[in-house]
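Basis for what follows: all heavy atoms, side chains included, without hydrogens, waters or symmetry-related copies. Just so it is clear, the model here is predicted, and its values are computed rather than measured.
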Amino acid sequence: MSQEQEDPIRYGDLFEVSGELASKPVAPHDAELMETAEKTAFGETQLGGTATVMRAAANLNVRDGLLDREINDDPTKVSVAQGVSVTQIDVPGRRIFSESVDGQVVGQYVQSMPTQEAAVGIVQNPNTIGEALEATVQSAGAKPVDQGDAAAIQAAEARATGCTSKVTC
């Protein structure tokens with residue numbers, strides 16, 4: 001026997017988000033948008049990823065009758081104002097994908113790139129220190145900067161200064 005909820009599952013129940021988004025219920029239309037964004041970015045929906053979590057929550061909200069019928073039929077009544085997106089940032093040796101809902105990061109994936117592809121990326125699309133810092137802020141959102149973010153900033157600094165050794169710089 002399943003236990004039905006009294007309140008719909010909201011974004012704040014699933015993700016580290018704040019403001020108005022945290023109190024919005026997860027709606028089927030939003031899950032569909034994230035699925036489309038993931039398929040565009042990755043070629044498929046990520047198993048256990050953001051879209052999958054959103055789909056499960058939206059299905060429970062609908063199944064338990066926690067979203068009124070009018071909202072289910074009109075996705076603009078619940079859908080997030082800024083929509084969903086998946087952005088990609090390339091740093092030496094890695095590609096970072098950030099998934100956002102209403103402008104707030106709700107998921108990240110890091111993909112390793114072969115060394116030669118990373119080297120080509122450096123020559124064709126150099127990152128400045130400012131770009132690396134901006135990418136870190138955009139991808140981290142409200143989360144603390146991690147070791148991978150620091151490494152990306154350090155790599156941009158090394159390219160900008162021409163100094164690859166910590167000892168001699």
Side-chain angles (χ1 to χ4, degrees), residues 7-62 66-67 70-114 117-118 120-122 124-153 155-156:
D7 293 320
I9 300 170
R10 301 178 191 284
Y11 283 95
D13 299 331
L14 302 173
F15 307 109
E16 288 186 38
V17 295
S18 60
E20 188 179 335
L21 178 61
S23 64
K24 287 185 180 179
V26 181
H29 180 71
D30 298 340
E32 290 170 15
L33 290 173
M34 185 58 79
E35 288 170 349
T36 300
E38 280 190 6
K39 287 177 185 175
T40 300
F42 305 113
E44 63 185 359
T45 302
Q46 298 298 290
L47 183 63
T50 304
T52 305
V53 170
M54 288 174 64
R55 171 61 66 196
N59 287 344
L60 287 172
N61 284 343
V62 170
L66 301 172
L67 295 179
E70 184 179 316
I71 290 175
N72 287 328
D73 291 339
D74 184 0
T76 61
K77 295 207 178 206
V78 167
S79 291
V80 292
Q82 296 180 27
V84 301
S85 66
V86 178
T87 57
Q88 169 188 320
I89 300 168
D90 291 341
V91 295
R94 296 185 307 153
R95 180 168 287 150
I96 302 168
F97 295 92
S98 295
E99 295 181 310
S100 299
V101 174
D102 208 14
Q104 296 187 50
V105 175
V106 293
Q108 278 191 317
Y109 303 92
V110 177
Q111 185 181 70
S112 295
M113 294 173 21
E117 182 181 348
V120 169
I122 292 169
Q124 293 177 347
N125 189 16
N127 286 345
T128 66
I129 295 169
E131 288 171 337
L133 289 169
E134 184 177 338
T136 299
V137 169
Q138 288 177 352
S139 65
K143 298 175 185 149
V145 174
D146 66 14
Q147 200 64 288
D149 298 320
I153 294 167

Side chain to side chain contact (heavy atoms under 4.5 Å, CB included) filter on Q46, not counting sequence neighbours, yields E38, F42, E44, Y109

Residues P25 and R10: closest non-hydrogen pair is CD-NH1, 3.7 Å

Can you check whether F97 reaches Q111 side chain to side chain, under 4.5 Å on heavy atoms?
yes

- Tell me, do L47 and T52 make a side-chain contact under 4.5 Å, heavy atoms counted? no

Closest non-hydrogen contact found for M34 with V86 is SD-CG2, 4.3 Å

* Using a 4.5 Å cut-off on heavy atoms from C-beta on, say whether the side chain of Q88 contacts that of R95. => yes

Looking at side-chain heavy atoms only, is the closest gap between V53 and F15 below 4.5 Å? yes

Subject >> Main-chain N/O of L21 paired to D102 side chain as donor or acceptor, under 3.5 Å >> reply: no

Q. Taking the side chain as C-beta and beyond, is there a heavy-atom pair between M54 and V101 under 4.5 Å?
A. yes

Heavy-atom closest pair (P8 atom, D13 atom, distance to 0.1 Å) is O-OD2, 3.9 Å

Of all heavy-atom pairs linking G107 and T50, the shortest is CA-OG1, 3.7 Å

message: The test is side-chain contact (heavy atoms from CB on, under 4.5 Å); show your working for L66 and D7 and say whether it passes.
response: CA-CA 6 Å; L66 301 172; D7 293 320; 5.9 Å; no

Output for pair (S98 OG, Q104 CD), nearest 0.5 Å, gives 13.5 Å

Handout entry: Any M113 side-chain heavy atom under 4.5 Å of D90 side chain
Key = yes

Take Y11 and D30 through the side chain to side chain donor-acceptor pair (under 3.5 Å) test and state the conclusion after the steps.
-> CA-CA 11 Å; Y11 283 95; D30 298 340; 2.9 Å; yes

CG of L60 to CD1 of I9, rounded to nearest 0.5 Å, is 4.5 Å

Check: Near E20 CD, under 6.0 Å, is it more than 12 heavy atoms from other residues, nucleotides or ligands?
Finding: no

- request: Kindly indicate whether the side chain of V62, heavy atoms from C-beta on, has any atom under 4.5 Å from the side chain of P28.
  value: yes

Residue pair E99 / S85, side-chain heavy-atom distance below 4.5 Å:
no

### Task
Kindly determine whether T45 and E35 satisfy side chain to side chain donor-acceptor pair (under 3.5 Å), including the steps that lead there.
CA-CA 6 Å; T45 302; E35 288 170 349; 5.6 Å; no

